Amino acid sequence: MTDQHRLRATQGVPRRPVSAKTTKPMFEENKKDKTFKESMGTNPSPHKAIVKEDGAENNVVEIESFKNDPARIEAMTVQQLRTTLRNAGVSAKGRKFELVAALKCFLEKKKDDEGSLVIEEQVASTCVENASEKTGAETSSDGDQVQNVPVSEVGELQRYKRRLNHSSVKSETVIGYSKVATKKEKLSIESEDLSGHKLSRTRKNTSSETISFDVKTDDKVAEPWTVLAHKKPQKDWIPYNPRTMKLPPLARDTKFLKLMSWNVNGLRALLKLKGFSALQLAQREDFDVLCLQETKLQEKDVEDVKRSLIDGYENSFWTCSVSKLGYSGTAIVSRIKPLSVRYGIGISDHDSEGRIITAEFDSFYLITGYVPNSGDGLKRLSYRINEWDPSLSNYMKELEKSKPVILTGDLNCAHQEIDIYNPAGNKRSAGFTDEERQSFGSNFLSRGFVDTFRRQHPGVVGYTYWGYRHGGRKFNRGWRLDYFLVSESIADKVHDSYILPDITGSDHCPIGLVLKL
């Protein structure tokens with residue numbers, strides 16, 4: 001990357017509260033998507049949907065008449081169910097029991113709040129998954145059985161939230177399979193001042209404002225990540241549920257830093273995606289530093305993206321692939337101005353694909369990394385384990401001579417069987433070969449770098465990547481490829497290492513780290 005495009009910040013961190021009234025997203029919202037409601041779809045048609053039975057031209061069944069007679073829904077044919085759902089604006093995919101579940105969800109919604117919630121395919125998917133629990137083990141497309149263990153706790157259900165009105169409290173309804181939501185949960189997002197240029201912040205009553213909104217949830221709703229999905233589960237394993245497993249906030253007088261990392265699988269595409277809100281992400285998570293991987297930007301794109309950054313995240317650093325345009329790419333976006341920034345690891349053979357940025361802060365080095373995938377046919381496996389991994393490890397150990405090191409990003413390795421849904425079926429798949437797993441252990445873990453999520457959650461199944469094929473995310477059939485590795489010397493300062501599986505927009509989800517200072 002040329003010096004012209006190595007974007008270094010020139011200003012410090014402004015003192016400002018991150019509040020509903022003043023906070024803007026890291027990136028300006030796409031002006032074409034003027035409202036969050038528009039980005040999530042449109043309301044279903046208000047007119048009554050009808051279905052005409054075969055051979056009976058005038059035999060019309062109105063949806064309204066089903067509300068108090070569920071047996072009539074069960075008696076409908078597949079074709080009648082699909083026609084009714086399509087006319088109602090609801091996805092009509094799946095087998096009969098899935099269509100029945102989707103129609104029941106739609107009717108319950110109409111009872112509770114006529115026309116207030118956008119009914120889209122994700123809602124139908126939620127209903128389908130809950131209905132599927134009644135049938136026992138799921139069957140995958142290749143005939144393998146999936147052991148699904150339902151968990152009672154409800155996920156955050158962020159994907160179903162309507163637009164957050166900054167000046168008032170909003171309520172909405174999330175529909176479950178069997179009944180309308182009855183339980184209210186109050187979700188709060190606190191935003192606080194930063195302590196000037198210092199690499200710390202404290203929680204203070206005088207400088208924080210709270211944005212809160214009520215969400216009604218059904219106790220029987222289970223988001224995919226709350227279901228233990230694994231081909232070979234151990235008896236003591238449990239699924240990762242951020243709602244119950246994320247640790248409570250630190251005391252208000254504790255200094256800490258909040259880091260996030262996300263493989264966005266194309267940054268420009270993400271920012272244009274309907275349903276994604278950079279505003280909500282920034283407000284909800286209130287991170288200090290965001291590390292990005294697989295931005296897929298070219299050097300000519302960086303200035304345009306940088307101009308969309310706003311107050312509070314002026315410090316941004318980007319590197320792009322020059323050997324293959326529109327490929328790979330990493331970035332660091334920060335409220336806090338680093339002491340220094342480096343691009344690559346100083347080896348030309350490894351630095352042409354824009355995979356590494358290192359930011360130096362007061363008490364540690366932060367590296368955002370996108371480790372090369374071994375590729376189809378494992379054509380880059382030898383390069384990965386014999387050249388890249390040892391070189392990155394040596395680079396980190398050299399940095400560690402002066403300060404602790406944090407490596408985050410898509411490291412393209414599911415280290416243990418607990419980290420992948422189907423271990424037996426992926427023994428020779430890139431990211432789970434014995435060679436990659438051994439290299440991950442010998443070059444990083446055995447050299448004093450701690451896998452923070454696994455140390456905190458030794459028996460927890462939590463994925464960060466789901467393939468687009470075979471309903472990976474829908475049924476939580478994923479891989480844990482994204483990590484926060486930290487030097488052993490600061491491992492005890494990690495307050496929380498967590499996953500945010502409810503945030504969509506990429507085939508990966510964000511991960512977070514709260515570090516006490």
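Only a predicted model underlies this, so the values are computations on that prediction, with no experimental measurement involved.
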Under 3.5 Å, is there a donor-acceptor pair between the N422 and K232 side chains? no
Do any N or O atoms from the side chain of K231 and from the backbone of I420 form a donor-acceptor pair under 3.5 angstrom? no
With heavy-atom distances below 4.5 Å as the criterion, would you say the side chains of D451 and H415 are in contact? no
Which ring-ring contact (aromatic ring centres under 6.0 Å, His included) pairs, counting each pair once, include a residue from residues 490-517, with sequence neighbours left out? Y465-H508
Pick from W388, Y383, Y395: which one makes a side-chain hydrogen bond (donor to acceptor under 3.5 Å, both in side chains) with H350? Y383
Would you check if V371 and L411 make a side-chain contact, meaning some heavy-atom pair closer than 4.5 Å? yes
Less than 6.0 angstrom separating the ring centers of Y313 and F287, yes or no? yes
Taking the side chain as every heavy atom from C-beta outward, state whether W225 and I499 have any atom pair closer than 4.5 Å. no
Hey, mind stepping through E488 and R447 against salt bridge (Lys or Arg N to Asp or Glu O under 4.0 Å) and telling me if it holds? CA-CA 9 Å; E488 181 69 54; R447 298 194 73 182; over 6 Å; no
Heavy-atom side-chain proximity of I406 to L485 below 4.5 angstrom: no
Do D507 and W466 have side chains that approach each other closer than 4.5 Å (heavy atoms only, starting at C-beta)? no
pair F449-V405: side-chain heavy atoms closer than 4.5 Å: yes
One thing to verify: whether K306 and E303 come together as a salt bridge, which I'm taking to mean a side-chain N less than 4.0 angstrom from a carboxylate O. no
With rounding to the nearest 0.5 angstrom, report the OH to CG distance, Y421 to N426. 10.5 Å
Indicate whether any N or O donor in one side chain lies under 3.5 Å from an N or O acceptor in the other, for D482 and T464. yes
May I ask you to test the V514-V494 pair for a side-chain heavy-atom distance under 4.5 Å? no
Using the six-membered ring of F453, assess whether NZ or CZ of R480 lies under 6.0 Å from its centre and within 45 degrees of the ring axis. no
When rounded to the nearest 0.5 angstrom, what is the spacing between CZ in R437 and CG in L445? 12.0 Å
Pick from D410, T368, T330: which one makes a side-chain hydrogen bond (donor to acceptor under 3.5 Å, both in side chains) with Q293? T368
4.5 Å side-chain heavy-atom contact, C413 and R384: yes
Any cation-pi pair here, R355 with Y370, using under 6.0 Å and within 45°? yes
Using ring-ring contact (aromatic ring centres under 6.0 Å, His included), reason through F440 and Y483 one step at a time and then give a plain yes or no. CA-CA 12 Å; F440 186 86; Y483 297 80; 5.0 Å; yes
Heavy-atom neighbours of K397 NZ exceed 12 at 6.0 Å: yes
Identify which one of E353, E436, E387 satisfies the salt bridge (Lys or Arg N to Asp or Glu O under 4.0 Å) criterion when paired with R380. E353
